[in-house]
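To start, the structure itself, in structure tokens.
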2 protein chains.
Amino acid sequence: MTSMNERHFTPNCVGDGYSSVSNAGSCEQCVARHISMCSVLNENEIGIISSISKNITKQTKQIICTEGDTAKYLYNIKKGCVRISKMLVDGRRQIIGFLFPGEFFGLACTNGYSYSAETITETDLCQMPRTQLFQKFSELPSLGQKVLEITRTELQFTHDQMLLLGRKRAKEKLCSFLLTMQNKSSLVKNIEKNQLFLPMSRSDIADYLGLTIETVSRQFTILTKEKIISLEGNPLINILDLGRMEIIASGE
Amino acid sequence: MTSMNERHFTPNCVGDGYSSVSNAGSCEQCVARHISMCSVLNENEIGIISSISKNITKQTKQIICTEGDTAKYLYNIKKGCVRISKMLVDGRRQIIGFLFPGEFFGLACTNGYSYSAETITETDLCQMPRTQLFQKFSELPSLGQKVLEITRTELQFTHDQMLLLGRKRAKEKLCSFLLTMQNKSSLVKNIEKNQLFLPMSRSDIADYLGLTIETVSRQFTILTKEKIISLEGNPLINILDLGRMEIIASGE
DNA sequence: CGTGCATTTGACCACCTTCAATAAAGGTGG
DNA sequence: CCACCTTTATTGAAGGTGGTCAAATGCACG
């Protein structure tokens, strides 16, 4: 690996070690049951899903799946944070999304995974075989409907992200991102209103917003100087002027 | 409208005039029946959809729906080309996609449309009330499954587009776009292999790729000088070196 | 053949990137 | 618990890709 490309390859995933598997999830008591696609299933129905799902725990910065691999499984996140990304041949990376408890990935794939997934924090996953899950849709129509509904919402969000990537300036991108993360992180950690939690690195943020680490860092400094945010030591951030931030995020 | 923003607003849609509506589509003979979501429906089932759908014909550059409007309908395209777009408050525009016969829009919406849709060419549409269509999913499970499948594919494609918007250079963006359009236009018009059809303006291409018209135009010139393409007078383009184009599109 | 719009081309500029150095944070072993 | 090292983040200076502004050319249509 040449030093020129080092910045892009960011090899901060050590491999597929450090993961533990436990059999046949007890979906009935799953911490994510009521915030995930499984929320539509009653006590009888949840058993059907329980029979095909496995629990997996992974440490920080582990690879869950790699772009191009045969897409055998769909993963539901129970605890932690996962990043989904795609790469160009020379190592340029685009992060497609940061996923939190209740969200899933591995659906939008043909034969192989169309993206890579890596843990950002220690993560508990629910692993379901894709084909088996898809077959259950006829037996559990409400689940299929729910998955469609979630996918619709997801598609809508990616449209917002396309607007961000194609048309927003660096400062607008960062403000939009912080607002999104505030909404998401309020669901996860119970933190103060006007605080937010950023478990990912500057490099991850940069690759999510189509910027470089340096630009992200500079924008953080600018927002701090303008008293719109204050850095409370990683990974905590205070929002001092939410109104101003929303205006900037929307494009003035 | 100030001259400063004129380039952004590109008010090339005259309004909602010039459209004709005909009642209760004869879906059985629909030209898009076998290339759209309806392809999964048999002779009995198609009648159910037929009962809730209307045919609409619109001239070039007409508004079909506007971001924020109450999302009453889902539209299936039977003939023509439609652009889907989102705007920032100051008029910066991002085109989310160009849609061709067999494709639909209006699904990924909550209460209001999350994007605007306008015709690029003369267009025949099939208009279905969203709520009624969604209700049919329980009666026609295969349709719901098909819509999910299409939406999954769509989501996967938007991920590719995020990689393009966030990480590709202007030249790579244009080559990727031309390849996409070659695939799509081969489905629509029966034109020579290694030819492609671009019904949209430079301004549309720019707003789709997160660039300006000038940059798009310059890249067209560069690709022409490098003998990768040749402009056969709008809207036809010859691809002279497909291999080279694919390499550039993938990021070298 | 002239008008109006889209596209191309040119000159200059700005935002973001690149390259580089420094500072801060985190992790490991003594 | 602190010294040492690695990794990550910040800051600075210089450069480039693509944007802005402006003019010219091409093209369709009356």
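Bear in mind that the values here come from a model prediction, so they are computed numbers and not experimental data. Sequence lines set the chain letters: A, B, ... in the order given, protein chains first and strands last, and positions in each chain run from 1.
What separates CG of Asp207(B) from C1' of dA6(C) is a distance of 14 Å, to the nearest Å. For Met200(A) and dA25(C), the CE to C1' distance is 18 Å, given to the nearest whole Å. Whole-Å rounding puts the Phe220(A) CZ to dA24(C) P distance at 18 Å. Separating the CZ atom of Arg92(A) from the P atom of dC16(C) is a distance of 18 Å, rounded to the nearest angstrom. Note: CD1 (Ile213(A)) to P (dC16(C)) measures 16 Å, nearest angstrom. Atom NZ of Lys173(B) and atom C1' of dG18(D) are 9 Å apart (whole Å). Rounded to whole Å, atom P of dT17(C) lies 16 Å from atom NZ of Lys171(A).
Donor-acceptor pairing under 3.5 Å is lacking for the side chains of Thr224(A) and Thr221(A). Ser176(B) and Lys168(B) share a side-chain donor-acceptor pair at under 3.5 Å.
Only at 4.0 angstrom or more do the heavy atoms of residues 244-252 of chain B sit from any atom of DNA chain C, so none qualifies.
For Ser201(B), counting side-chain heavy atoms from C-beta on, the closest listed nucleotide (dT9(C), dG18(D), dT7(C)) is dT7(C). Checking dT10(D), dT18(C), dT20(D) against every side-chain atom of Leu231(A), the shortest atom distance belongs to dT10(D). For Leu211(B), whose side chain is taken as the heavy atoms from C-beta onward, the closest listed nucleotide among dT7(C), dG19(D), dT17(C) is dG19(D). Candidate nucleotides dC16(C), dT18(C), dT20(D) were compared by shortest atom distance to the side chain of Ala170(A), and dC16(C) ranks first. Here the side chain of Glu214(B) is nearest to one of dG18(D), dT8(D), dT20(D), namely dT20(D). Which of dT17(C), dT7(C), dT9(C) sits closest to the side chain of Thr212(A) comes down to dT17(C). Comparing dA6(C), dT18(C), dT7(C) by their closest approach to the side chain of Lys61(B) singles out dA6(C). Residue Arg218(B) places its side chain closer to dA11(C) than to any other of dT8(C), dC16(C), dA11(C).
For Tyr113(A) (side chain) and Tyr73(A) (main-chain N/O), a donor-acceptor pair under 3.5 Å exists by modelled atom type. Judged by distance alone, the side chain of Gln94(A) and the main-chain N or O of Met87(A) form no donor-acceptor pair under 3.5 Å.
Taking CG from Leu164(B) and OG1 from Thr158(B), the interatomic distance works out to 12.0 Å, rounded to the nearest 0.5 Å.
As judged by a 4.0 angstrom heavy-atom cut-off over every strand, Arg169(A) is placed among residues touching the sugar-phosphate backbone only.
Considering Val216(B), Leu211(B), Thr215(B) as possible partners of Lys173(B), the one that fulfils the side-chain contact (heavy atoms from CB on, under 4.5 Å) test is Leu211(B).
Here the two rings, on Phe104(A) and Tyr75(A), have centers that are 6.0 Å apart or farther.
Under a cutoff of 6.0 Å and an axis angle of 45°, Arg202(B) and Phe220(B) form a cation-pi pair.
In terms of polar N and O atoms assigned as donor or acceptor, the side chain of Arg202(B) never comes within less than 3.5 Å of the base of dT9(C) in a complementary pairing. No N or O donor and acceptor, one from the side chain of Arg167(B) and one from the base of dT17(C), sit under 3.5 Å apart.
Both Val216(B) and Lys225(A) lie near DNA chain D, and the one whose nearest nucleotide falls closer to the 5' end is Lys225(A).
Base pairing analysis places dG30(C) opposite dC1(D); the two distances defining the Watson-Crick or G-U wobble pair are each below 3.5 Å.
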